[in-house]
Amino acid sequence: MATKGIVTGIVSNLVTVQVDGPVAENELCFINIAGTDLMAETIKVTGDKASVQVFESTRGLKNGDTVEFLGRMLEATLGPGLLSSVYDGLQNDLTTMEGVFLKRGEYTDPLDHEKLWDYTPLASPGDKVKAADWIGEVKEGWLPHKIMVPFSFKDEYTIKSMVPAGQYNIDTVVAVLTDSEGEDVNVTMTQKWPVKVAVKGYRNKPRPQKIMETGVRVIDSFDPIAEGGTGFIPGPFGCGKTVLQHAIAKQGEADVIVMAACGERANEVVEIFTEFPELIDPHTGRYLMERTTIICNTSNMPVAAREASVYTAMTICEYYRAMGLRCMLLADSTSRWAQALREMSNRMEELPGADAFPVDLSAIISNFYSRAGMVELNNGKTGAVTFIGTVSPAGGNLKEPVTESTKKAARCFYALEQSRADQKRYPAINPIESYSKYLEYPEIIEYLDRKIEKGWVDKVLKAKNYVRRGKEMADQINILGDDGVPMSYHESFWKSELIDFAFLQQDAFDAIDAVTPIERQKYMLELILDICNTKFSFEDYEKCREYFKNMINIMRQMNYSEWQSEKFHSYREQLDQLLSENVK
């Protein structure tokens, strides 16, 4: 018997309901307003009162309106057809909507029930299976989409029957399984899973063991992110967070990309809709959108719906991870999600934490980040979810609660800096403030020793020291003046500028410089380190400045030249000539 209730209090989209039976936290309900059902989620239960957050405008709602609880949590529908789709936080398909705005109370189906898929069985009658085991496969674009035993199934099942290879829609019963008590259960190509519960269905979750190459030098070499790792990009407005995310999405080694656009609707979301579908995937030459799902908030949804978007996005990633695929989740920006949490917490009159955010903000963020990672599936294959979120701290203040809480959860920190962006030093990642804790993992160090060369991490740390020392010298020069410091200070400063201009900076709009393979990064970093290890002799700081500016110019031209081309080698010869002129 479904629990029912009546509305007794309304504060914007937080509604208090008097219930006549049991209600669980996170349970969904429909609030009837003049014949229209509005979906809401239970966020707190106190005795016979339930506080629910409504995912739509509550205009016209009044005390005494009826509420019906559904006995289930907010769920994602999982199955073939998720890729290339654009959903809102409740997984309504925005491409099938009529008009620009969602009508209140209108909910659409996320998947196409008419489309036929070429199904191939991967298991046979008599096989023993459990949750998340693969029983069939369809081609979604060029990716193999596995049909799995639903994640919600418990214990072990025996396959009773399996349909032959052929064309079927997603509602076709492709297999009948028998449980340990002899009951038969049907399996179709789709399943549902509550978005706020992490998907299990794997054997083991080891630590990440390899880096995810992105083609962005400052990330791959200086602060690499692991496949199945977590990172975040804080920075003020206009520092290039969205451009950097686009570069990572386009060039990163991932099979599936999920974009959670929970940011400002006027900025980040519009860019994703206008630019993302035009991007070409460098790995396949096809449109990047073919292996991408976009989850975004729609303009007539309240702020609270931002919370639903990030959870729906993560659940879709976990679904594809269970197929043995490498998934990348990019959330832009998690600050808006945290602001939604603050808004609801304040309305519920909970004890506020720092800056009025919820006291348990750190735990909520950590819990969400922990859902990323590499997993070992039941069949021995591996899958991964790599999560990179952006944070938009007010006024670029990296000490505010959302940034601080995210810092505790994420292993990589890419601090975008206003001053670097103002100087057009893109990507504007501060090389001193930023870090990757994966460089401390023995598994990652061993992988880099094998993949690049032995002792690679030591070379990276050496380059970082040159940059740090250059910053110290720049501060001394600013205080004491050009004439007030020894020549070695100028030399150290310009060596750090060489690393900055020739290696850390990258042109996202140049076809060659935008993507740098690891082999080329190794060559350039070793070349720069050789120069940094060289002792020079200069008559005065003007000569030093002129000399290094020439060197930076040549090396930037090398970055714009095709790898190992004649043009590239001619610039290398010019560099060698310049170096031979002024060495002690």
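Both backbone and side-chain heavy atoms feed into the values below; hydrogens, waters and symmetry mates do not.
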Would you compute the distance between atom CG of Leu329 and atom CD1 of Ile388 and round it to the nearest 0.5 angstrom?
9.5 Å

Evaluate the criterion side-chain contact (heavy atoms from CB on, under 4.5 Å) for residue pair Ile225 and Tyr414; output intermediate values, then yes/no.
CA-CA 10 Å; Ile225 186 163; Tyr414 303 116; 3.6 Å; yes

Does the pair Arg321/Asp255 count as a salt bridge with the N-to-O cut at 4.0 Å?
no

Given Tyr571, which partner from the list Asp576, Asn559, Ile554 fulfils the side-chain contact (heavy atoms from CB on, under 4.5 Å) test?
Ile554

Test the Arg420-Tyr426 pair against the cation-pi criterion, namely NZ or CZ under 6.0 angstrom from the six-membered ring centroid and within 45° of the ring axis.
no

To the nearest 0.5 Å, atom OG1 of Thr334 lies from atom CZ of Phe387 at 6.0 Å

d(Ile316 CD1, Ile295 CD1) to nearest 0.5 Å is 3.5 Å

Closest heavy-atom pair and its distance - Gln521, Thr516
NE2-O, 2.8 Å

Is there a donor-acceptor pair under 3.5 Å between the side chain of Ser565 and the backbone N or O of Glu562?
yes

Residues Ala249 and Ile257: closest non-hydrogen pair is O-CD1, 3.1 Å

Using 4.0 Å as the upper bound for N to carboxylate O, is an ion pair formed by Arg468 and Glu472?
no

Would you call the rings of Phe413 and Phe232 parallel, tilted or perpendicular if under 30° counts as parallel and over 60° as perpendicular?
tilted

What's the shortest heavy-atom distance between Pro224 and Cys412, and which atoms?
O-SG, 3.5 Å

Spacing of Tyr560 atom OH and Ile512 atom CD1 [to the nearest 0.5 Å]
10.5 Å

Which is it for Tyr489 and Tyr541 under the ring-ring contact (aromatic ring centres under 6.0 Å, His included) test, yes or no, and what are the steps along the way?
CA-CA 10 Å; Tyr489 281 39; Tyr541 64 84; over 10 Å; no

Ser85 versus Thr293, side-chain donor and acceptor atoms under 3.5 Å
no

Check Ile499 against Ala463 and note the closest heavy-atom contact, atom names and distance.
CD1-O, 3.7 Å

Using 4.0 Å as the upper bound for N to carboxylate O, is an ion pair formed by Asp500 and Lys495?
no

Determine whether Tyr547 and Trp494 satisfy the following criterion, ring-ring contact (aromatic ring centres under 6.0 Å, His included), listing intermediate values before the conclusion.
CA-CA 9 Å; Tyr547 184 81; Trp494 279 104; over 10 Å; no

Verify salt bridge (charged side-chain N to carboxylate O under 4.0 Å, His left out) between Lys408 and Glu404, making sure each step is shown before the conclusion.
CA-CA 7 Å; Lys408 293 171 190 169; Glu404 286 293 316; over 6 Å; no

For Gln506 and Asp513, does a side-chain donor sit closer than 3.5 Å to a side-chain acceptor?
no

Atom of Leu439, atom of Phe222 and distance for their closest heavy-atom approach
CD1-O, 3.4 Å

Is the shortest side-chain heavy-atom distance between Leu361 and Val402 below 4.5 Å?
yes

Roughly how far, to the nearest 0.5 Å, is the CG atom of Asp530 from the OG1 atom of Thr534?
6.5 Å

May I ask you to establish whether Arg411 and Tyr438 are in a cation-pi arrangement, using a distance under 6.0 Å from NZ or CZ to the six-membered ring centre and at most 45° from the ring axis?
no

Does the pair Glu497/Arg425 count as a salt bridge with the N-to-O cut at 4.0 Å?
yes

Strictly below 4.0 Å, N to O, side chains only: are Glu453 and Lys459 in salt-bridge contact?
yes

Report the relative orientation of the aromatic rings in Phe538 and Phe548; use parallel for angles under 30°, tilted for 30 to 60°, perpendicular for over 60°.
tilted

Roughly how far, to the nearest 0.5 Å, is the NZ atom of Lys437 from the CD1 atom of Ile444?
15.0 Å

More than 12 heavy atoms of other residues, nucleotides or ligands under 6.0 Å from NZ of Lys139: yes or no?
yes

Between Glu376 and Lys205, does at least one N-O distance fall below 4.0 Å, as a salt bridge requires?
no

State, with a plain yes or no, whether a side-chain heavy atom of Arg520 is found less than 4.5 Å away from one of Phe568.
yes

State plainly whether the residues Arg291 and Asp281 are in salt-bridge range, i.e. N to O under 4.0 Å.
yes

Salt-bridge contact Asp475-Lys471 (side-chain N to carboxylate O under 4.0 Å)
yes

Lys/Arg-Asp/Glu bridge criterion (N-O < 4.0 Å) met for Glu542, Arg545:
yes

Kindly give the heavy-atom pair with the smallest separation between Ala354 and Pro401, and that separation in Å.
O-CG, 3.7 Å

Assess whether salt bridge (charged side-chain N to carboxylate O under 4.0 Å, His left out) is satisfied between Lys464 and Asp223, documenting all intermediate values.
CA-CA 10 Å; Lys464 285 187 171 191; Asp223 298 305; 2.6 Å; yes

Short side-chain donor-acceptor distance under 3.5 Å, Asp332 and Thr390
yes

Does any part of the side chain of Val375, heavy atoms only, come nearer than 4.5 Å to the side chain of Thr382, both counted from C-beta?
no

Within 6.0 Å of CD in Glu519, more than 12 heavy atoms from elsewhere:
no

Regarding Glu137 and His145, do their side chains bring together a donor and an acceptor under 3.5 Å, going by distance alone?
no

Would you check, one step at a time, whether the test ring-ring contact (aromatic ring centres under 6.0 Å, His included) holds for Tyr441 with Tyr447?
CA-CA 10 Å; Tyr441 284 30; Tyr447 172 79; over 10 Å; no

Any donor and acceptor pair, going by atom type alone, linking the side chain of Ser309 with main-chain N or O of Gly89 inside 3.5 Å?
no

Would you say that Ser392 contacts Lys241 through its side chain, given a criterion of any heavy-atom pair below 4.5 Å between the two side chains?
yes

State whether the side chain of Thr403 and the backbone N or O of Lys399 hold a donor-acceptor pair below 3.5 Å, judged by distance alone.
no

Any luck finding a side-chain donor-acceptor pair between Thr242 and Gln245 under 3.5 Å?
no

More than 12 foreign heavy atoms under 6.0 Å from CZ of Arg556: is that the case here?
yes

Side-chain donor-acceptor contact under 3.5 Å, Arg572 with Tyr523:
yes

